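Everything on this sheet refers to the single structure shown next.
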There are 2 protein chains.
Amino acid sequence: MSNSSDGRFDEMDIELLRCVESDFDVSLDTLSQQLDLSKSAVHYRLNKLKDAGVIRSVTADLDPLAFGLDMVALTEVSVTHEQGYSDTIGTDLAGVKGVEQVYYTMGDVDFVVVSRVQDRSQMNAVIEEMVAIDGVNETSSRFVMDEVTSGTDVVDNLPDAARSKLVEE
Amino acid sequence: MSNSSDGRFDEMDIELLRCVESDFDVSLDTLSQQLDLSKSAVHYRLNKLKDAGVIRSVTADLDPLAFGLDMVALTEVSVTHEQGYSDTIGTDLAGVKGVEQVYYTMGDVDFVVVSRVQDRSQMNAVIEEMVAIDGVNETSSRFVMDEVTSGTDVVDNLPDAARSKLVEE
DNA sequence: AATGAAATCGACCAGCA
DNA sequence: TGCTGGTCGATTTCATT
């Protein structure tokens, strides 16, 4: 319904998206100056990109450290291989408070879970809750010493080959 | 300078943050109605939270699928254990276009890298670029079949214990 | 820390290339 | 379809409590 890998953009769209992806708190004036486009045109394009689902939402980026969430762990979760379970286990894992992201992978280990909490006791609680999920077999966790979040910014992070595939010539 | 794990919030702050974290595209009217607070007060609190660095930025959430970025991989990277290198290797890995996130962990494997691209050839390019980084020893990649992003939303995702530590009684 | 009034900015409409 | 210009309503700012 919203998927569109073949949705084409022009250079202006890409530039606009790059701007608002890193900071939506700029005024239309600023954008129209940077892009050499009228305010109305910028507004028009933004609305189109929202309607198309390219811009999913506008959100406040909160600093986890401001909440004391400075402990991150990666947990590898293997499950008992009974068909159909995997789908629900994934959402169950994601439903655990403190779990940030769940990757379902091919390989020996079935899930990789990223969780972020304040201290060890909370981390223990998270892991215990994961183990308690029906179908979860074994878990193995590693603490994250440091993380480099290069890019939640999709546009800035596009490989060159990807970028050229998107812009109409 | 901006870190503050002991910065305290009240219930109103938490509620406000929960709202704007999931959607900043709401009007002040809506917020002030939901929170039973005057528009100006909402605005005042938002500014305070921005200045305090709790709200790091306001950004447009783009859908990677709209750019054809539907291939995700987790790559475990082990490095030659020479002191000091690790820091720069992390940022080098994060600098590779297509790499979304880098976790530096304790354990046999030193880094876990999340990358997102359009197709296999781009994935190959990403991995080759990682291998070429000075100090990188070995890599092992797994494709992600599915991902459940439960919470980039920090507030919604707080463990109960974490929440009670933040709100002043 | 919260309020209300004044200046500023963004959203929408009708028309045009 | 993509853009322009102008109007109205909303938001930001500031002086005041």
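We name chains A, B, ... by the order of the sequence lines, and we start the count at 1 in each one. The model shown is predicted, which means the values in this text are computed figures rather than measured ones.
- Rounded to an integer number of Å, the gap from B/L46 CG to D/dT12 P is 8 Å.
- Using a cutoff of 4.0 Å between basic side-chain nitrogens and carboxylate oxygens, B/E21 and B/R18 are not scored as salt-bridged.
- No donor-acceptor pair under 3.5 Å is formed between the side chain of B/E11 and the backbone N or O of B/V167.
- Evaluated for a side chain to side chain contact (heavy atoms under 4.5 Å, CB included) with B/V136, the options B/D92, B/I89, B/D110 yield exactly one hit, B/I89.
- Here B/D25 pairs with A/K50 in a salt bridge; the nearest charged N to carboxylate O distance falls below 4.0 Å.
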Protein heavy-atom contacts under 4.0 Å, written 5' to 3' over nucleotides 4-17 of chain C as B (base), S (sugar-phosphate only) or - (none), form the string B-----SS------
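- In this model, a donor atom of one side chain and an acceptor atom of the other lie less than 3.5 Å apart for A/S27 and A/T30.
- The CG-C1' distance, from A/D36 to D/dT4, rounds to 16 Å in whole Å.
- Following rounding to the nearest Å, B/Y44 (OH) and D/dT13 (P) show an atom-to-atom distance of 14 Å.
- Between A/L35 atom CG and D/dT4 atom P the separation is 12 Å, expressed in whole Å.
- For A/R142 (side chain) and B/T105 (main-chain N/O), no donor-acceptor pair under 3.5 Å exists by modelled atom type.
- Salt bridge B/R45/B/D10: present, at least one basic N to carboxylate O contact under 4.0 Å.
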Any N/O pairs under 3.5 Å between the protein and nucleotides 15-17 of chain D? List them or say none.
none

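- If you measure from atom CE of A/M12 to atom C1' of D/dG2, you get 11 Å, rounded to the nearest angstrom.
- Following rounding to the nearest Å, A/D10 (CG) and D/dT1 (C1') show an atom-to-atom distance of 13 Å.
- For the pair B/K97 and A/D156, the salt-bridge criterion is not met [side-chain N within less than 4.0 Å of a carboxylate O].
- Separating the CG atom of B/L31 from the C1' atom of D/dT12 is a distance of 15 Å, rounded to the nearest angstrom.
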